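Heavy-atom basis, side chains included; hydrogens, waters and symmetry copies ignored. As the structure is a prediction and not an experimental result, all values here were calculated from the model.
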Amino acid sequence: MKPAVILYKAIPEDLRRRLDDHFSVTAFDGLTDDNLQQHAQALTKAVGLIGAGGKVDEALLERMPALKVASTISVGYDNFAVQALSARGVLLMHTPTVLTDTVTDTTIPISSDH
């Protein structure tokens, strides 16, 4: 049996296939009350949580007793209750340099004169 993962933000299809190869994925769009209610059973079994946006707070963590790792598909992790994750032994990952090239491209003008 594959470990269960919650995916709460759409990702490119090739990456989704890779997840599906290794995990039992329950996917929905955002951490809304309706989504959390509809997928309550999947939340209780999930060992992984992947997405962006929405609050990963103590209330959500109470619904996810098997959670071992969470990952945000974004630079910041301010939507996560870091102390609550740490207290539960849940590893939190993020992508701190994902926008480095984009920011550089928009702040440093490239001139063909040089």
Is it true that, when you exclude E13 itself, more than 12 heavy atoms of the residues, nucleotides or ligands shown sit nearer than 6.0 Å to its CD?
yes
Say you draw a straight line from CG of L60 to CG of L43; how long is it, rounded to the nearest 0.5 Å?
6.5 Å
Straight-line distance of K2 NZ to L19 CG, nearest 0.5 Å:
10.0 Å
Residue list, side chain to side chain contact (heavy atoms under 4.5 Å, CB included) with D33, at least two apart or on another chain:
none
Does N35 reach the main-chain N or O of G30 with its side chain, forming a donor-acceptor pair under 3.5 Å?
yes
Non-hydrogen atoms of T44 and A66 that approach each other most closely:
O-CB, 3.7 Å
Applying side chain to side chain contact (heavy atoms under 4.5 Å, CB included), run through R88 and L61 and close with a yes or a no.
CA-CA 9 Å; R88 294 168 183 269; L61 295 175; 3.5 Å; yes
Holding to salt bridge (charged side-chain N to carboxylate O under 4.0 Å, His left out), I want the full list of residues that pass it with D20, two or more places apart in sequence or in another chain.
R16
Worked check of side chain to side chain contact (heavy atoms under 4.5 Å, CB included) between E58 and Q83
CA-CA 10 Å; E58 188 69 41; Q83 288 182 337; over 6 Å; no
Atom pair NZ/OG1 of K45 and T26 - distance to nearest 0.5 Å:
9.5 Å
Taking atom OH of Y77 and atom OG of S71, what is their separation to the nearest 0.5 Å?
13.5 Å
Find out whether L49 and L67 are in side-chain contact, i.e. whether some heavy atom of one side chain is under 4.5 Å from a heavy atom of the other.
yes
Answer yes or no: does atom CZ of R18 have more than 12 heavy-atom neighbours from other residues, nucleotides or ligands under 6.0 Å?
no
Euclidean distance, K9 NZ relative to I73 CD1, rounded to 0.5 Å
7.0 Å
Within a strict 4.5 Å, meaning less than it, do heavy atoms of the L92 and V82 side chains meet?
yes
Inter-residue atom distance L36.CG - M64.CE, 0.5 Å rounding
9.0 Å
Can you list every pair that meets ring pair (Phe, Tyr, Trp, His ring centres under 6.0 Å) and has a residue in residues 5-33, with sequence neighbours left out?
F28-H39
Side-chain heavy atoms of V56 within contact of T72, under 4.5 Å
no
Give the cluster check for I50 versus V90: same hydrophobic cluster or not, with ILVMFWY residues linked at side-chain heavy-atom distances below 4.5 Å.
no
Applying a strict under-4.5 Å side-chain criterion to I, L, V, M, F, W and Y, I'd like to know whether L31 and V25 cluster together.
no
Mind checking whether D14 and R17 have side chains closer than 4.5 Å, heavy atoms only?
yes
